[in-house]
Undergrad: 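Quick one: this structure, given as structure tokens, is what I'll be asking you about.
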Amino acid sequence: MKILSFLSRASRAYKDYPAYSKLLVICTLSSGGLLAYSESGPDTGTAGVETDKKLPKKTRVLVLGTGWAGTSFLKDVDATLYDVQVVSPRNYFAFTPLLPSVTCGTVEARSIVEPIRKMVKKRRGEIQFWEAECVKIDALNKKVLCQSNIDNDLLQKGEFSLEYDYLIIALGAQVNTFNTPGVAENCHFLKEVEDAQKIRRSVIDCFETAVLPSLSEDERRRNLHFVIVGGGPTGIEFAAELHDFFEGDLVKLYPTVKDLVKITVIQSGDHILNMFDGRISTFAEQKFKRDGIEVQTGCRVVSVSDKEIKMKVKSKEEVSSMPHGLVVWSTGVGTRPVVRDLMEQIGQANRHVLATDEWLRVKGCEDAYAIGDCATIDQRKIRDDISSIFKAADKNNSGTLSVQEFRDVIDDIRVRYPQVDLYLQSKHLSDVTYLLKDDQGNDRQEVDIEGFKLSLSHADSQMKSLPATAQVAAQQGAYLSRCFNLWQQCEENPEGPLRFSGSGHHQFLPFRYKHFGQFAPLGGEQAAAELPGDWVSVGHSTQWLWYSVYASKQVSWRTRFLVVSDWTRRFIFGRDSSRI
Ligand code: FAD
């Protein structure tokens, strides 16, 4: 019996850890110890389970989502300290910045994804993954209801619920159609890997249809008119990729229709890439003009049918329409239904995204944290706390603050209210005592509460919400895992700033975002980059910087190798236009 049970365990171990197991089998066989081991070895599996039962229950941490935020948390959290579970309808992490490259076959879909089980297996401690969708968060009872998305008769309804002590909501956001009629039915989106694969097939479909002998010239033109709604980074990158695909590969394969191809970008604002520095918007607009990509700014799409897109120019009231072969809708993000439902439960129904405090705790929902695109930090205004800050700083209760008293608390103020630093930076000031100067710029030895209010309240004008980007999501996930790992340590020795409206210190430092810059690939081996310190770079060298940054940011050596080899394959052989 023991031999049988050993063999069945060995076969399971072989499947789970093939490399280690092969090594073990070779070593054991060569020493002739296999039989001896099976006869005399302790039944470690059962003993292990029994020991586990005696251990005190670990705190349960449930993570919803395996995108940038969720994965970044899972990569760093110490799973020996917590019972960590993850729920997501996709069992992989997708490197979204390369999704536009997947739409035209510059990079293959499998090169930018990494199985989540593989990522968490490298961790110390065990993390359990459930491939399912969270359909309801019951904040009151600390439970989530999940629904498996695997279509299998054995699963029947496939519903299950999970309880948690701490919940990490990293559910991202969904496409926002702004309820524009026909968008959901007739447009492509570019949010998931499947969307990119679908666009790749549809682009080729448009070309194959356009060359069929039965079509009129107007029908060919319509089929080859590609419209992108939204002039943000995703829409612009897709337009540039499509243009490169056409110029580099398709023009040779479909020579009879090469003069009928048209790419149009519709943007509601006055410029494309308007979240970037003005120099980058101008460069992109000029480049697109040279490339023959039409940019229509100040237009709002009012409806989309399978053959036509209707829009209104903002300055005029009339509606114009144009025929299309394919529309990609890329106009920003909206709230997922499960997040909306939670917001209604906790009194945040009037918001677009979940509000958290500076420690990423969901406001009005105990023991829940929200990170990434589904959340925004509701930064506390310094103006609202000015009296308590003054009271805490005025140690001798004199009713005024001396320069020294001010210096004693300023570090805590800067950590708790990051807008103070932003304000000083915006004024190019290095010394904080500038804040104590009077209206005429004269030094003051003491300030009263009114003077103190006046010096600090301007800082609130610098408050900005963080953008919905992978950079923010990944930093929030990493921040939160650090807090969880240092929980006990920081409970005993808090690392956070002084609590101005209370006593002692905050347990942790608040989350602080570091911006490392952003890129916009513009096609033709040219890119634009906005780097910290107002540094703008455009052109071919920036494209090489883009290649190196995106290769280095890959989540594993496997995906890094695949992405770089896809780029090399594209340079040598071009993109593959097979419709599979
Ligand atoms: P996501 O990454 O969207 O992850 C959400 C997770 O939740 C997913 O795993 C999803 O499957 C899961 N989920 C959804 N619903 C449920 C449910 N009901 N139950 C359980 N799990 C669920 N940002 C940059 O900084 N730089 C770029 O160059 C860049 N390029 C981009 C290009 C494209 C085409 C796109 C679409 C986005 C790009 N972004 C970029 C933005 C970036 O991808 C997002 O900001 C980032 O993905 C947000 O991370 P997240 O973890 O909050 O959400």
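One is the number of the first residue; the rest follow in order along the sequence. Remember, it's a predicted structure, so these values are computed and weren't measured experimentally. Each ligand, and each atom within it, is numbered from 1 in the order the structure gives.
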Undergrad: Does any N/O atom on G372 come nearer than 3.5 Å to any N/O atom on ligand 1?
TA: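 No - when backbone and side-chain N and O of G372 are compared with those of ligand 1, no distance drops under 3.5 Å.
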Undergrad: Using atom types as modelled and distance alone, determine if a side-chain donor or acceptor of W567 lies under 3.5 Å from a backbone N or O of Y547.
TA: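 No; zero donor-acceptor contacts below 3.5 Å.
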Undergrad: Look at the rings of Y166 and W487 and say which category their plane angle falls in: under 30° parallel, 30 to 60° tilted, over 60° perpendicular.
TA: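 Rings of Y166 and W487: tilted, as their planes differ by 30° to 60°.
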Undergrad: For W546, is the nearest heavy atom under 4.0 Å from an atom of ligand 1?
TA: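 The answer is no, since W546 has no heavy atom less than 4.0 Å from ligand 1.
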Undergrad: Starting from atom 43 (O) of ligand 1, locate the nearest protein heavy atom and write down its residue, its atom name and how far away it is, to 0.1 Å.
TA: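 In this structure, atom 43 (O) of ligand 1 has T96 OG1, 2.6 Å as its nearest protein heavy atom.
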Undergrad: Note the single closest protein heavy atom to atom 10 (C) of ligand 1, along with its residue, its atom name and the distance in Å.
TA: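 Here the nearest protein heavy atom works out to S88 OG, 4.1 Å.
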Undergrad: Within the structure, does L64 bring an N/O atom to less than 3.5 angstrom of an N/O atom in ligand 1?
TA: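 No, L64 has no N/O under 3.5 Å of an N/O on ligand 1.
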Undergrad: Is the shortest distance from a Lys or Arg side-chain nitrogen in K57 or D83 to a carboxylate oxygen in the other one below 4.0 Å?
TA: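 No.
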Undergrad: Counting non-hydrogen protein atoms only, what is the nearest one to atom 34 (C) of ligand 1? Give residue, atom name and distance.
TA: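 So the nearest neighbour among protein heavy atoms is T234 CG2, 3.4 Å.
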Undergrad: Output the list of atoms in ligand 1 that are nearer than 4.0 Å to some heavy atom of C134, sorted by atom number.
TA: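 Those atoms are 17 (C), 18 (N), 19 (N), 20 (C).
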Undergrad: Please check this pair: side chain of S202 against backbone of K198, looking for a donor-acceptor N/O pair closer than 3.5 Å.
TA: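 Present.
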Undergrad: Do R575 and T106 have side-chain N/O donor and acceptor atoms under 3.5 Å apart?
TA: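 Side chains of R575 and T106: pair found under 3.5 Å.
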Undergrad: Output yes when K142 and D367 qualify as a salt bridge under the 4.0 Å nitrogen-oxygen rule, no when they do not.
TA: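 Salt bridge flag = yes for D367 with K142.
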Undergrad: What residue and heavy atom of the protein are closest to atom 25 (O) of ligand 1, and at what distance?
TA: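 Heavy-atom neighbour on the protein nearest atom 25 (O) of ligand 1: A470 N, 2.9 Å.
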Undergrad: Quick one: does any side-chain atom of D566 pair with a main-chain N or O of E108 as donor and acceptor, under 3.5 Å?
TA: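 Between the backbone of E108 and the side chain of D566 there is a qualifying donor-acceptor contact (under 3.5 Å).
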Undergrad: Look only at interatomic distance and state if A132 has a nitrogen or oxygen under 3.5 Å from any nitrogen or oxygen of ligand 1.
TA: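 Looking only at distances, the answer is no, because the N/O contact criterion of under 3.5 Å is not met.
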Undergrad: Which of the numbered atoms in ligand 1 are under 4.0 angstrom from any heavy atom belonging to V87?
TA: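 Those qualifying, in numeric order: 20 (C), 21 (N).
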Undergrad: Might you confirm whether atom CG of D534 has over 12 heavy atoms from other residues, nucleotides or ligands at distances under 6.0 Å?
TA: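 12 or below, so no.
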Undergrad: Can you sort out which atoms of ligand 1 are near A473, meaning under 4.0 Å from one of its heavy atoms?
TA: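 This gives 48 (C), 49 (O) as the contact atoms.
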Undergrad: For atom 46 (C) of ligand 1, what's the nearest protein heavy atom and its distance?
TA: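 Nearest protein contact, heavy atoms only, for atom 46 (C) of ligand 1 is W68 CD1, 3.6 Å.
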Undergrad: What are the atoms of ligand 1, with element, lying closer than 4.0 Å to any heavy atom of A170?
TA: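 This gives 5 (C), 6 (C), 7 (O) as the contact atoms.
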Undergrad: Could you tell me the separation between the SG atom of C134 and the NZ atom of K136, rounded to the nearest 0.5 Å?
TA: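 The SG atom of C134 sits 10.0 Å away from the NZ atom of K136.
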Undergrad: Report yes if A173 has an N/O atom closer than 3.5 Å to an N/O atom of ligand 1; otherwise report no.
TA: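 In fact, backbone or side chain, A173 has no N or O that close.
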Undergrad: For Y550, which part has a heavy atom under 4.0 Å from ligand 1: side chain, backbone, both, or neither?
TA: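 It is the side chain that touches ligand 1; the backbone stays farther off.
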Undergrad: Tell me if the CZ atom of F573 is crowded by more than 12 foreign heavy atoms within 6.0 Å.
TA: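 No, the 6.0 Å shell around CZ holds no more than 12 heavy atoms from other groups.
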Undergrad: Considering only heavy atoms, which of P89, G65, P467, G67 lies nearest to atom 22 (C) of ligand 1?
TA: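 Minimum heavy-atom distance to atom 22 (C) of ligand 1 goes to P89.
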Undergrad: Closest non-hydrogen protein atom to atom 44 (C) of ligand 1, residue and atom name please, with distance?
TA: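 Here the closest protein heavy atom is D373 OD2, 3.3 Å.
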Undergrad: Looking only at the side chains, is there a donor atom on one of W68 and T96 sitting less than 3.5 Å from an acceptor on the other?
TA: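 There is such a pair (donor and acceptor under 3.5 Å, judged by atom type) between the side chains of W68 and T96.
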Undergrad: Test your reading of the model: is there a side-chain donor-acceptor pair from Q379 to the backbone of Y417, 3.5 Å cut-off?
TA: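 Here the side-chain-to-backbone pair does not exist.
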Undergrad: Within a distance under 4.0 Å of any heavy atom of Q471, pick out the atoms of ligand 1 and give their elements.
TA: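 So the atoms of ligand 1 that pass are 25 (O).
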Undergrad: In terms of residue, atom name and distance, what is the protein heavy atom nearest to atom 30 (N) of ligand 1?
TA: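 Of every protein heavy atom, P97 CA, 3.4 Å lies nearest to atom 30 (N) of ligand 1.
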Undergrad: Can you tell me which residue and heavy atom of the protein come closest to atom 53 (O) of ligand 1, and the distance to 0.1 Å?
TA: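 Here the nearest protein heavy atom works out to G172 CA, 3.2 Å.
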Undergrad: Should one rank E131, E237, R336, R90 by closest heavy-atom distance to atom 14 (C) of ligand 1, which comes out on top?
TA: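 The residue whose heavy atom sits nearest atom 14 (C) of ligand 1 is R336.
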Undergrad: Do the ring planes of W359 and H506 sit parallel (below 30°), tilted (30 to 60°) or perpendicular (above 60°)?
TA: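 Ring orientation, 0 to 90° scale: parallel.
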